[in-house]
Amino acid sequence: MLKVSISFDYDTPIGYNESFNIKDIADFSEIEGTDKILNILNKHNIISTFAIVAKIIEHKKYREPFCRQIKNIYEEGHEICSHSYSHKFLPSLSLEDLQNEIILGKQVIENLINDPIIGFIPPFNRPMNYLRKGAISISEIFGLHKRGFGKNSLGKVLRILNENEFLWCRVSFKSKFRQLKNILLSSNEILYQPFYYRSILVIPLHSTGFGDKTTQLIESNLGKNKFICIYAHPHQALNKCNSQSAKNMENMLKKFQSARENGLLDYIAMKDIRKFI
């Protein structure tokens, strides 16, 4: 059976301010979009994962409404994980700042929901440098994002997570060897599958949003013993022109409802992937 995990990067206004191209999003877009998403997930009886930027929990202006919604997400049975403390660009941080983003984010969220946080989703899906798997990101190494040179690899992030009782991490990287092999042999890109780094389950990200690319990926793997990880941003849920919209999500869920009923696929939270690896 194909297992699909849907995760949401709950950026909040803290994350908007740190991001590259989303400065003009209304402060409460996250809350409005998440309400819509939760209604759809509940309707289809699906448990998902929400990655929280923890600093919002301590923000004087935004604390009350965002904390209320985060608690509601948790109480409805969805997984809460960390999206760092303040949504910094991790590759170029000092070691102390990198540790603070990871450790403080975990502690603040745990204090709110009174439950251990075991998962981590890095902001911007970076670092992508991971020599252990042959992945090299030129843009990170040479600071092409204009946020400093990338001295922190994915391996370093995983080591810090391992030292601080995390159990899984969503990642995004591409092996240069595999990319070259695909080009030379004109073959389809291999679907990366979860693997362990020490005690951390490393979960590759496969697709963004709920558009054609995602539905085609799911269609081509129906019934297979594989995992597909897709993600979206709640602040895009009401944007009908974006593949991450709630409308597209519901259309995708309806499209595969029959396949789900026939045991060809199911939806699971990120933390539950560990049960099958």
Is the distance between the ring centroids of Phe124 and Phe89 under 6.0 Å?
yes

For Glu219, which residues count as a salt bridge (charged side-chain N to carboxylate O under 4.0 Å, His left out) partner, sequence neighbours excluded?
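Partners of Glu219 under the salt bridge (charged side-chain N to carboxylate O under 4.0 Å, His left out) test: Lys255.
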
Side chains of [X] and [Y] in contact at under 4.5 Å (non-hydrogen atoms):
{"X": "Leu41", "Y": "Glu76", "answer": "no"}
{"X": "Glu250", "Y": "Lys43", "answer": "yes"}
{"X": "Met252", "Y": "Ile230", "answer": "yes"}
{"X": "Val171", "Y": "Asn125", "answer": "no"}
{"X": "Tyr62", "Y": "Lys55", "answer": "no"}
{"X": "Lys36", "Y": "Glu32", "answer": "no"}
{"X": "Met249", "Y": "Ile37", "answer": "yes"}
{"X": "Phe149", "Y": "Glu140", "answer": "no"}

Exactly one of Phe8, Tyr10, Phe50, Tyr267 should register a ring-ring contact (aromatic ring centres under 6.0 Å, His included) with His78. Which one does?
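It is Phe50, the one option of Phe8, Tyr10, Phe50, Tyr267 that forms the ring-ring contact (aromatic ring centres under 6.0 Å, His included) with His78.
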
Can you check side chain to side chain donor-acceptor pair (under 3.5 Å) on Tyr74 and Glu79, steps first, answer last?
CA-CA 6 Å; Tyr74 173 75; Glu79 178 184 16; over 6 Å; no

Is it true that Gln107 and Tyr85 share a donor-acceptor pair across their side chains at a distance under 3.5 Å?
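Absent: no donor and acceptor within the cut-off.
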
In terms of side-chain heavy atoms, does Asn242 have a donor or acceptor partner in Ser245 at a distance below 3.5 Å?
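The answer is no; no qualifying pair exists.
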
Do you know which of Gln244, His87, Arg170 makes side chain to side chain donor-acceptor pair (under 3.5 Å) with Asp9?
Arg170

Is it true that, when you exclude Glu165 itself, more than 12 heavy atoms of the residues, nucleotides or ligands shown sit nearer than 6.0 Å to its CD?
no

Step through the shown structure and confirm whether more than 12 heavy atoms of other residues, nucleotides or ligands are within 6.0 Å of NZ on Lys151.
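Atom NZ in Lys151 is crowded, with more than 12 foreign heavy atoms closer than 6.0 Å.
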
For Lys61, is there any backbone N or O sitting under 3.5 Å from a side-chain donor or acceptor partner on His59?
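Yes.
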
